[in-house]
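Below you'll find the structure, written out as structure tokens, and then a few comments.
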Amino acid sequence: MGGLEVLSSVLLRAARRSPARTQPSGAEVPRVGPRPTPERRHLSHRALARSAGLLALSAVVITLLFFDFGVRVLASNDETRFPVLARDILASGHWLSPRLGDVPYLNKPPLFAWLIAVAVGPGGEVSQSSALWPSLIAALGVALATSWIGWRLWGRAAGLAAGFIVVTTHGVFTMARAPMPDMTMCLFLTAALAAFVGAEFDDRRVFLIGFYILLGLGFWTKGPAALLGLGVVVVFAAWTGGGPAIRRLAIPRAILLVALLISPWFMLTVRTASEQFWRDTVVTDWLRWYVPFAPWRGRALIEPLAQTLAILLPWSPLLAFAGVAALATEARRPGRKVVFLLVWAGVMFLFVAIGKEQRMRYYLPLCPPAALLIAAWYQRVNVPHRNVLSTATAALVAVGIVLCQLNDDARHNARTDLSALGPETVKLETPLYAADVPDLVLTFYLGRPVIPVRTPSTPAAPGRRLERGYLVVANRLLPQWSATCAAPAIGAGMVNGLRFSVLRLEPPGCPAP
């Protein structure tokens, strides 16, 4: 915003005053080569301005993202799944098919687990802090890629504003602190569409290759949802140029390139567990997860809007003004830049909104186009004292989200207490079971295998028994276990507000589920 423009101007003036190299006092150095032409000096000035702006934005973004680095407890299976996979990679060398326990994890490609393992490095430890590096770096990349798009389409001020807005949205700001693949996929999508901007608006057709490669890498992060970027550019081409514009995308060759990029994972997973893969991953996770098989109700219409408004806070109130202004601009003077942002935001929203599963993080790829729409709208609004207003707004937003995050970290961390599962209480050499308690959270923080179990079988049911060990059971299921299992409670705790009890299993044990 305005503060970023002031900071980048200060950096630019400092860069101009800095000598290229230090010469001895009194020494005269003859000029070598021709004097710079005005055009060359202008290009140099533009390069310095861009570097200073991106440096200022990077400094602000890094400060906002890293101020509470590693403070927040990972309190769900979703947050601890990929750190546990990264530990398996480093401990057992299962790079191609990392495992949860003894089972290969096939629901998502392994790129994000690889990134955590690489960030930790050989001999390092996957911890609450180190597991965050890929997401934090991806959030910085999203801010810079969004800024580059805004800079290219509407100029320096719009680019800096868009970069600041996107990193201070609730979605980017919070998901940067979660070791989950959503932030990294958002980076690949945003970077891919930045490459498309270079190809489409700068007429650098070679950038299309980068666009398709980035989509393929996005697939390796979270699966076919990353290929949604192809839908964005196809709809944009159809809207603005029809058949000739679509043919310029070289779709057949693009499909071949993307297929070559993603086929190794398919071959690996089919070879590892073909029937399980097609049933659990392709059918359940990729089709039923997103396709609305259940009949629509009123909630199906309201929830997508609520999730969108929530993930774009505190900027979501401005999105309506920005959207209306963009549509009005398109009606008065058709502009391909405005159409591109509207298509980008619309395709992202509709794809997630029609899905049966509604989670706020699924709308994360909507943050960059929304930030660009708001930044572009703000540049066209005639307001008095623009720089003062922009700086004050940016400072207020930055201070507000930092204070809210610190308060939320404290409240969130207070909802998890695993002290009852320490080695002095739960012996390391005995099995540990978890019933309706996030087993991957226990695995991550205790550093030992945790076997998930369901509700107990009836005493008359045949099968094995949980002979000896410890059982961590959610208190809401404790009456069911107490009815079939005479095991003393030796401790209590909670995970993300879910209270549990720790039972010591002794012979004859408990019926296994």
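Heavy-atom basis, side chains included; hydrogens, waters and symmetry copies ignored. Remember, predicted model here, so these are calculated numbers, not experimental data.
Taking both residues in full, the closest heavy atoms of Ala345 and Leu366 are given as O-CD1, 3.3 Å, listed atom of the first, atom of the second, then distance. Of all the heavy atoms in Gly223 and Pro109, the pair that sits closest is N-CD, 3.8 Å. Taking all atoms of both residues into account, the shortest heavy-atom contact from Leu230 to Val233 is O-CG2, 3.2 Å. Of all heavy-atom pairs between Gly70 and Ser129, the closest is CA-OG, 3.4 Å. Nearest heavy atom pair, residue Gly124 against residue Leu90, reads O-CD1, 4.5 Å. Taking each heavy atom of Pro98 and Ile89 in turn, the nearest pair found is CB-CG1, 3.8 Å.
Here side chain to side chain donor-acceptor pair (under 3.5 Å) pairs that include residues 163-191, with residues two or more places apart or in two chains, are Asp68-Arg177, Thr168-Trp315, Asp182-Lys222, Asp182-Arg361.
For the atom pair CG of Leu136 and CE of Met175, the computed distance is 11.5 Å after rounding to the nearest 0.5 Å. Summarising the geometry, atom CD1 belonging to Ile213 is positioned 11.0 Å from atom CG belonging to Leu208; distances are rounded to the nearest 0.5 Å. In this structure, Glu79 CD and Phe444 CZ are separated by 10.0 Å, a value rounded to the nearest 0.5 Å. Taking CD1 from Ile209 and CZ from Phe207, the interatomic distance works out to 11.0 Å, rounded to the nearest 0.5 Å. Note that CG of Leu64 and CD1 of Ile401 are 5.0 Å apart. Values are rounded to the nearest 0.5 Å. Interatomic distance, Ile262 CD1 to Trp265 CH2, rounded to the nearest 0.5 Å: 9.5 Å.
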- Given side chain to side chain contact (heavy atoms under 4.5 Å, CB included), test Val61 with Phe164 step by step and report yes or no. CA-CA 7 Å; Val61 170; Phe164 178 81; over 6 Å; no
- Checking ring-ring contact (aromatic ring centres under 6.0 Å, His included) for the pair Phe266/Phe219: CA distance, chi angles, key distance, verdict? CA-CA 11 Å; Phe266 278 97; Phe219 178 94; 5.7 Å; yes
- Task: Verify side chain to side chain contact (heavy atoms under 4.5 Å, CB included) between Leu160 and Leu54, making sure each step is shown before the conclusion.
- Result: CA-CA 8 Å; Leu160 293 176; Leu54 291 179; 5.6 Å; no
- Task: Give the intermediate values and the outcome of side chain to side chain contact (heavy atoms under 4.5 Å, CB included) for residues Thr221 and Leu217.
- Result: CA-CA 7 Å; Thr221 305; Leu217 292 174; 5.7 Å; no
- Might you work through the side chain to side chain contact (heavy atoms under 4.5 Å, CB included) test for Val172 and Leu364, ending with a clear yes or no? CA-CA 7 Å; Val172 173; Leu364 187 63; 4.0 Å; yes
- Item | CA sep, side-chain torsions, deciding dist, call: Trp239, Phe340, ring-ring contact (aromatic ring centres under 6.0 Å, His included) | CA-CA 9 Å; Trp239 189 337; Phe340 174 68; over 10 Å; no
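Put simply, the side chain of Met348 reaches to within 4.5 Å of the side chain of Leu189, judged on heavy atoms. Two residues are said to be in side-chain contact when any heavy atoms from C-beta on lie closer than 4.5 Å; Pro438 and Thr80 fail this criterion. Looking at heavy atoms from C-beta onward, Gln379 lies out of side-chain contact with Trp154 at the 4.5 angstrom threshold. Residues Trp114 and Leu85 are not in side-chain contact: their nearest non-hydrogen atoms beyond the backbone lie 4.5 Å or more apart. Looking at Leu309 and Leu312, their side chains never come closer than 4.5 Å, going by heavy atoms from C-beta outward. Counting heavy atoms from C-beta on, the side chains of Pro304 and Val352 never come closer than 4.5 Å. You'll find the side chain of Ile165 stays beyond 4.5 Å of the side chain of Leu318, heavy atoms only. The side-chain heavy atoms of His412 and Asn496, taken from C-beta on, include a pair separated by under 4.5 Å.
A donor-acceptor pair is defined here as one N or O able to donate and one able to accept, closer than 3.5 Å; no such pair exists between the side chain of Asp409 and the backbone of Arg72. Between the side chain of Asp88 and the backbone N or O of Arg99 there is at least one donor-acceptor pair closer than 3.5 Å. Within the 3.5 Å criterion, the main-chain N or O of Ala199 finds a donor-acceptor partner in the side chain of Arg205. Looking only at distances, a side-chain donor or acceptor of Arg87 sits under 3.5 Å from a matching main-chain atom of Val126.
The one candidate from Asp439, Val84, Thr443 that meets the side-chain contact (heavy atoms from CB on, under 4.5 Å) condition with Leu100 is Val84.
Below 30°, between 30° and 60°, or above 60°: for Phe67 and Phe173 the angle between ring planes is below 30°, a parallel geometry. Using cut-offs of 30° and 60° for the angle between ring planes, the Tyr105 and Phe82 rings count as perpendicular. Using the six-membered ring where Trp is involved, Phe321 and Trp377 have ring planes that are parallel, under 30° apart on the 30 and 60° scheme. The aromatic rings of Phe196 and Phe236 lie perpendicular to each other, with more than 60° between the two planes, well past the 30° mark.
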Side chains of residues 137-147: which donor-acceptor partners sit under 3.5 Å, not counting sequence neighbours?
residue, atom, partner, partner atom, Å
Thr146, OG1, Val142, O, 2.7
Ser147, OG, Gly159, O, 2.9

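Tyr378 carries Arg386 over the face of its six-membered ring, with the cationic atom under 6.0 Å from the centre and within 45° of the normal.
When the side chain to side chain contact (heavy atoms under 4.5 Å, CB included) test is applied to Val235, the partners found at least two apart in sequence or on another chain are Val343, Val347.
Salt-bridge annotation for Asp78 and Lys108: absent, with no side-chain N of the basic residue lying under 4.0 Å from a carboxylate O of the acidic one.
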